[in-house]
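The sequence lines fix the lettering, A, B, ..., with proteins before strands; numbering per chain opens at 1.
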Number of protein chains: 2
Amino acid sequence: MQKYYQKIKNSPIFYGMADFELDRMLECFRAVIKHYEAGDTIIRSGDIITKIYLILEGDVNIEKDSYWGRRIIIQKLHENNNIALSLVASKNTESNINAVCTKDATILILNYEKCSAMCQNACMHHGAFIRNMFKILSKENVELIEKIENISQKSIRDKLLTYLSNESQKNKSNMFEIQFNRQELADYLNIDRSAMSFELSKLKQEGFINYKKNKFILKVQV
Amino acid sequence: MQKYYQKIKNSPIFYGMADFELDRMLECFRAVIKHYEAGDTIIRSGDIITKIYLILEGDVNIEKDSYWGRRIIIQKLHENNNIALSLVASKNTESNINAVCTKDATILILNYEKCSAMCQNACMHHGAFIRNMFKILSKENVELIEKIENISQKSIRDKLLTYLSNESQKNKSNMFEIQFNRQELADYLNIDRSAMSFELSKLKQEGFINYKKNKFILKVQV
DNA sequence: ACATTTCTGTTGTTTTTACAACAAAAGGAA
DNA sequence: TTCCTTTTGTTGTAAAAACAACAGAAATGT
């Protein structure tokens, strides 16, 4: 635990807490650290989620299997992200998603149920913690809405321009670097990779954008 | 305010509060009630959101205008829903969505900022309130993920079957009634209405489903 | 009951996308 | 460097969806 203390302290979910408060919380939550290898399933669809998972290292995908085989990537999570935080609040709710480790990961696991039952009123730090959770969930909400906006566009071109425009706004610059490679971007936008590459080429030719690998320049105000 | 007291009391955001607590909260939050007519814009993209909006009556759409004209419906909100709750937590964040009244509405507006600044520690009911908000946001999160699942399917048929299957699960029955009419369902699933109607007919012919108006029977386990 | 409006289903045509197969470029390892 | 692997770009074809236009059904108002 000591090895990861700084990381834990700097994570959004413990934001603004002094060391002594953090120590108290970790104890109260029965915090444990668990390691997962790429390919491991951390949460399986159907599991009852009663714990909070904080990614300290590694990558995790939130996926959903459709009944006819196709796998949908809902979110890609990294360091400092929480897994399935929204499922903790709705008690005794089965998970409807899988959380799959895609890059060797270290996860901090907090027994939220136990703690919230015990110290809802007693533990003075609980209030700050739940406010942090609320903020995290809010942010996630905004991101999900953004994803819906992106994939709700009706053509590949519109999806790309909307996505790039959103990224540009977030970076407050018309030059920015994206987090996805081409296949991942296609998965995120729910389109065919080759068709997307073709459309990117066209957009470049027509002077709307420029790019090299993951660095993009949005030349038009969309 | 008295006219809507029971509605307010029974809303999820004030869940579990006694009358005296509710009174105190409403005062603390500087609660006001505002009426909107169908067509009114309640929140405009660019607004800074510092208040909590609770729908007591009427319908509200959360929409996003794409830069090339098309309007995307992100969510349809009704009685007991909160508008843009996720934007309140991220302080000083501009709204990136429009909230448009689609059926004459009565909205309870709470000055969250003022209250949370004043009584974060003082007001003993604030804790319960934020836990309620957390739960609401969690639920919304789960619904957004479900929408992403639905619209991420690659064919109209798969979108329909996924949506119907999810509805069936929620109703714990293979017979259920859906909340959308055909045009609204097509908007929600991001597909063309007529193409959707055609696919529904095929699914009925092939024996996968049966339906009459908004009542559906899912005959297969998908 | 009748007229009018709204909602739903059907069909043909055009446009867009997915898919497959391959080419070119970039990145790593020996 | 060279070989091999991974990523990205290109093209033709087949499949799917959007679109438009209309017909029939259901709901609504008078």
Side-chain angles (χ1 to χ4, degrees), chain A residues 38-39 59 66 68-73 76 102-103 150-164 177-217, chain B residues 38-39 59 61 66 68-73 76 102-104 150-164 177-217:
Chain A
D59 295 337
S66 79
W68 32 91
R70 218 164 80 97
R71 167 163 303 181
I72 294 148
I73 298 172
K76 284 174 168 291
T102 55
K103 190 172 143 195
N150 287 330
I151 66 179
S152 291
Q153 302 298 325
K154 71 172 183 315
S155 67
I156 290 180
R157 168 170 291 225
D158 289 354
K159 285 181 191 183
L160 283 169
L161 286 174
T162 303
Y163 170 75
L164 293 173
E177 198 169 340
I178 68 172
Q179 58 168 323
F180 297 129
N181 68 22
R182 296 291 184 276
Q183 184 60 63
E184 287 172 333
L185 180 56
D187 287 344
Y188 174 82
L189 293 176
N190 250 276
I191 50 183
D192 179 68
R193 182 198 57 77
S194 67
M196 185 188 77
S197 268
F198 184 58
E199 196 65 45
L200 280 174
S201 298
K202 275 207 291 184
L203 284 168
K204 188 196 269 186
Q205 265 195 330
E206 295 172 25
F208 289 109
I209 63 172
N210 204 348
Y211 60 88
K212 182 152 199 169
K213 280 226 50 165
N214 291 13
K215 295 192 201 306
F216 282 77
I217 300 173
Chain B
D59 296 336
N61 273 4
S66 79
W68 32 92
R70 216 164 80 100
R71 167 164 304 180
I72 293 146
I73 298 171
K76 284 175 168 290
T102 55
K103 192 173 141 193
D104 291 8
N150 287 330
I151 67 179
S152 293
Q153 302 299 324
K154 71 172 182 317
S155 67
I156 290 181
R157 168 170 291 225
D158 288 354
K159 285 180 192 183
L160 282 169
L161 287 174
T162 302
Y163 169 75
L164 293 172
E177 198 169 340
I178 68 171
Q179 58 167 326
F180 297 129
N181 68 22
R182 296 291 185 275
Q183 184 60 63
E184 288 171 333
L185 180 56
D187 286 345
Y188 174 82
L189 294 177
N190 250 277
I191 50 182
D192 179 67
R193 183 198 56 78
S194 68
M196 186 187 76
S197 269
F198 184 58
E199 196 65 45
L200 279 173
S201 299
K202 275 208 290 185
L203 283 167
K204 190 196 268 187
Q205 266 195 329
E206 294 172 27
F208 290 108
I209 64 173
N210 205 348
Y211 61 87
K212 182 151 198 170
K213 281 225 45 164
N214 291 14
K215 294 192 202 307
F216 282 76
I217 300 172

Next on the checklist: On DNA chain D, does the nearest nucleotide to N214(A) precede the nearest nucleotide to F198(A) from the 5' side, or the other way round? Give the residue.
Outcome noted: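 Upstream on the strand: N214(A).
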Can you check the [X] [atom1] to [N] [atom2] distance for me, whole Å?
| X | N | atom1 | atom2 | result |
| --- | --- | --- | --- | --- |
| M196(A) | dT8(D) | CE | C1' | 9 Å |
| E184(B) | dC7(C) | CD | P | 8 Å |
| I191(A) | dC19(C) | CD1 | P | 12 Å |
| N181(B) | dA27(D) | CG | P | 13 Å |
| D187(A) | dT7(D) | CG | P | 12 Å |
| F180(B) | dT8(C) | CZ | P | 13 Å |
| R193(B) | dC19(D) | CZ | P | 12 Å |
| K212(B) | dA25(D) | NZ | P | 11 Å |

Would you check if [X] and [Y] make a side-chain contact, meaning some heavy-atom pair closer than 4.5 Å?
| X | Y | result |
| --- | --- | --- |
| L203(A) | L161(A) | yes |
| F180(B) | Y163(B) | yes |
| E199(A) | I191(A) | no |
| R157(A) | K202(A) | yes |
| D192(B) | I156(B) | no |

Next on the checklist: Students often get this wrong, so: under 4.0 angstrom with heavy atoms, is D192(A) touching a base, only sugar-phosphate, or nothing?
Outcome noted: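 Counting heavy atoms under 4.0 Å across all strands, the contact made by D192(A) includes a base.
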Checklist entry - Looking for any heavy atom pair under 4.0 Å, which part of the strands does S201(B) touch: base, sugar-phosphate only, or nothing? => result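 Since only primed, P, OP1 and OP2 atoms lie under 4.0 Å of S201(B), the category is sugar-phosphate.
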Item to check | T162(B) versus N150(B), side-chain donor and acceptor atoms under 3.5 Å | outcome: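 No donor-acceptor contact under 3.5 Å links the two side chains.
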Item to check | Comparing I156(A) and S194(A) on DNA chain C - which has the more 5′ nearest nucleotide | outcome: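 The residue closer to the strand's 5' end, by nearest nucleotide, is I156(A).
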Item to check | Within 45° cone of Y188(A) ring axis and under 6.0 Å: K76(A) NZ or CZ | outcome: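 The answer is no, since K76(A) fails at least one limit relative to Y188(A).
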Checklist entry - Is any side-chain nitrogen or oxygen of R182(A) closer than 4.0 Å to OP1 or OP2 of dG9(D)? => result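 Yes.
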Checklist entry - Hey, where does DNA chain C pair up into stems, meaning at least three consecutive Watson-Crick or G-U pairs with distances under 3.5 Å? => result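 Output for stems: C:1-30 with D:1-30.
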Next on the checklist: Using the side-chain heavy atoms of Y211(A), tell me which of these nucleotides is nearest: dA18(C), dC19(D), dG9(D).
Outcome noted: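 Between dA18(C), dC19(D), dG9(D), the one nearest the side chain of Y211(A) would be dG9(D).
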